[in-house]
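Notes follow the structure.
Sequence positions, counted from 1, serve as the residue numbers for this chain.
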Amino acid sequence: MKTKNFAALTVTIGLLLGVLIYWREYATRDQVHLYQVILWQLGIWLPWILGFMVMGEIRKRMQSNKYALPILGLSGLLLIALHFGWFFGLSATLSPYLHLEGSKFGVYRYFFIFWTLIDLGLVWFIVDKLGAGNLPEDEPPLLLELTRGGNTYFCEPSQIQLLSAENYYTKLFTTQGVFVMRKPLKTFLEVLPLDTFRKIHRSTIINLDYVAELARGNGSTLEVIMKDGTRRRVSKSFVKEITLLFKERTY
C-alpha cells in the first residue's frame, strides 16, 4: 500500500470523526463550529501517516526476518502509546471543546473508546498490508513483462543486471538484452528483492549478483564494475553502505 493511499484513508478518518463528534455534541453547537472540530481531528490523525512510513521502513529493513511481523505489531503498539500522548497534548491546547462543561483536556470520556479502537484497527490494517508484501514460498517468482520490437518478454529479477533512470523511463539491462519501461526507477525498489538489488546512485540500481569488482578512484570515489564490463559510479552517500555490503557477502 502506498503512502498517498494511506494518507487519503487518514484524512477520511479525520473528516468523518470531525462530523460525527460535531453531530454527537449537539448541545455545544452554538459554541463550536464544524470546521474547528474537523481541523482538530485532522491534526490528531495525520501523524499516523508518519507512523505508516516508519512501519514501512521497519518492514523493508526486516524483509527476510521471520520475526518481522511480530516486531511490526509491537512497533504499532508503541505508536499507539505515542499517538495517545499526541492526542492529549493537542487536545489540551487546541480542542474546540476545551473548558466546556463535561470535558477534560478538551475531550469527553467516550472519545477514548473510539480512539483506541481506531488506533488498534490502523495498526492491524498496516501490519496486514505490509505483511502481504511477502510472497509465499510456493508462489512463482516475480515476472516483469517487457516489450521490444512488438515482441513480449518475461523476465525474472535474477535476469536483470542493472536498472538506469532515463528521464521518465527506466532502462533495464538484462540477460535478454536492453529494455525500456515507462516507470520511474523508484517503483522497482518496491517489487525487486532488496537482498539482491541495491541503489548505488539516484539514477542506478544494480543486481549484486552481477558485480565483478569495486574500483576505487581518486579520493573517496567508488565505481561498480559489472561482469559484462559496464562501469557505474557509486554516489558518495552510498559508498559506505555498498562497501560494507560486499564485505558481508564475501568470505
Would [X] and [Y] show up in the same hydrophobic cluster when neighbours are defined by side-chain heavy atoms closer than 4.5 Å?
X: Ile205; Y: Leu162; value: no
X: Leu194; Y: Phe238; value: no
X: Ile200; Y: Ile160; value: no
X: Leu208; Y: Leu172; value: no
X: Val180; Y: Ile206; value: no

With sequence neighbours excluded, tell me which residues meet side-chain contact (heavy atoms from CB on, under 4.5 Å) with [X].
X: Gln31; result: Thr28, Leu100
X: Ile118; result: Ile13, Leu17, Trp45, Leu122
X: Lys183; result: Met181, Thr187, Phe188
X: Arg182; result: Tyr169

Should we count CZ of Arg202 as having more than 12 external heavy atoms under 6.0 Å?
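No, CZ of Arg202 has 12 or fewer neighbouring heavy atoms, counting only those of other groups under 6.0 Å.
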
Could you list all the salt bridge (Lys or Arg N to Asp or Glu O under 4.0 Å) pairs where at least one residue sits in [range], not counting sequence neighbours?
range: residues 211-222; answer: none
range: residues 240-251; answer: Arg198-Glu241, Asp209-Arg249
range: residues 41-57; answer: Glu57-Arg61

Would you indicate whether the side-chain heavy atoms of [Y] and [X] approach each other to under 4.5 Å?
X: Tyr153; Y: Thr174; answer: no
X: His201; Y: Arg232; answer: no
X: Leu117; Y: Ile113; answer: yes
X: Leu46; Y: Val11; answer: yes
X: Val123; Y: Trp48; answer: yes
X: Leu143; Y: Cys155; answer: no
X: Phe154; Y: Leu144; answer: no
X: Val239; Y: Ile242; answer: no

Backbone of [Y] reached by a side-chain donor or acceptor of [X] within 3.5 Å:
X: Gln36; Y: His33; value: yes
X: Thr10; Y: Ile49; value: no
X: Thr93; Y: Gly89; value: yes

To the closest 0.5 Å, what do you measure between [atom1] ([X]) and [atom2] ([Y])?
X: Gln159; Y: Leu146; atom1: CD; atom2: CG; result: 9.0 Å
X: Met55; Y: Ile71; atom1: CE; atom2: CD1; result: 11.5 Å
X: Ser203; Y: Lys171; atom1: OG; atom2: NZ; result: 11.5 Å
X: Phe88; Y: His83; atom1: CZ; atom2: NE2; result: 11.5 Å
X: Leu185; Y: Lys199; atom1: CG; atom2: NZ; result: 6.0 Å

Mind listing the closest non-hydrogen atom pair of [X] and [Y] along with its distance?
X: Ser91; Y: Ile44; result: OG-CD1, 3.8 Å
X: Gly18; Y: Val37; result: O-CG1, 3.4 Å
X: Ala215; Y: Ile225; result: CB-CD1, 3.9 Å
X: Trp40; Y: Ser95; result: CZ2-OG, 3.7 Å
X: Thr175; Y: Tyr210; result: CG2-OH, 3.5 Å
X: Phe173; Y: Ser164; result: CE1-CB, 4.1 Å

Under the salt bridge (charged side-chain N to carboxylate O under 4.0 Å, His left out) rule, collect the residues that match up with Glu223, sequence neighbours excluded.
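Result, salt bridge (charged side-chain N to carboxylate O under 4.0 Å, His left out) vs Glu223: Arg231.
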
[X]: hydrophobic cluster co-members (side-chain, 4.5 Å):
X: Tyr26; result: none
X: Leu39; result: Tyr35
X: Leu244; result: none

Which of parallel (below 30°), tilted (30 to 60°) and perpendicular (above 60°) describes Phe6 and Phe52?
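Rings of Phe6 and Phe52: parallel, as their planes differ by under 30°.
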
Assess whether side chain to side chain contact (heavy atoms under 4.5 Å, CB included) is satisfied between Met226 and Val211, documenting all intermediate values.
CA-CA 4 Å; Met226 309 301 287; Val211 174; 4.0 Å; yes

For the side-chain contact (heavy atoms from CB on, under 4.5 Å) test, which of Thr204, Leu192, Asn207 pairs with Leu163?
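When Thr204, Leu192, Asn207 are each tested with Leu163, the side-chain contact (heavy atoms from CB on, under 4.5 Å) holds only for Leu192.
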
Go through Ile21 and Tyr97 one step at a time and tell me if the side chain to side chain contact (heavy atoms under 4.5 Å, CB included) criterion holds.
CA-CA 10 Å; Ile21 292 170; Tyr97 297 102; 3.7 Å; yes

For a side chain to side chain contact (heavy atoms under 4.5 Å, CB included) check, start with the C-alpha distance between Leu222 and Thr243, then their side-chain angles and the critical distance, and finish with the verdict.
CA-CA 9 Å; Leu222 182 69; Thr243 303; 3.8 Å; yes

For Ser158, what residues pass the side-chain hydrogen bond (donor to acceptor under 3.5 Å, both in side chains) criterion, not counting sequence neighbours?
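Ser158 satisfies side-chain hydrogen bond (donor to acceptor under 3.5 Å, both in side chains) with no residue once adjacent residues are dropped.
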
Output, in order, the C-alpha distance, side-chain angles, deciding distance and verdict of side chain to side chain contact (heavy atoms under 4.5 Å, CB included) for Ile38 and Gln41.
CA-CA 5 Å; Ile38 289 177; Gln41 286 302 296; 5.8 Å; no

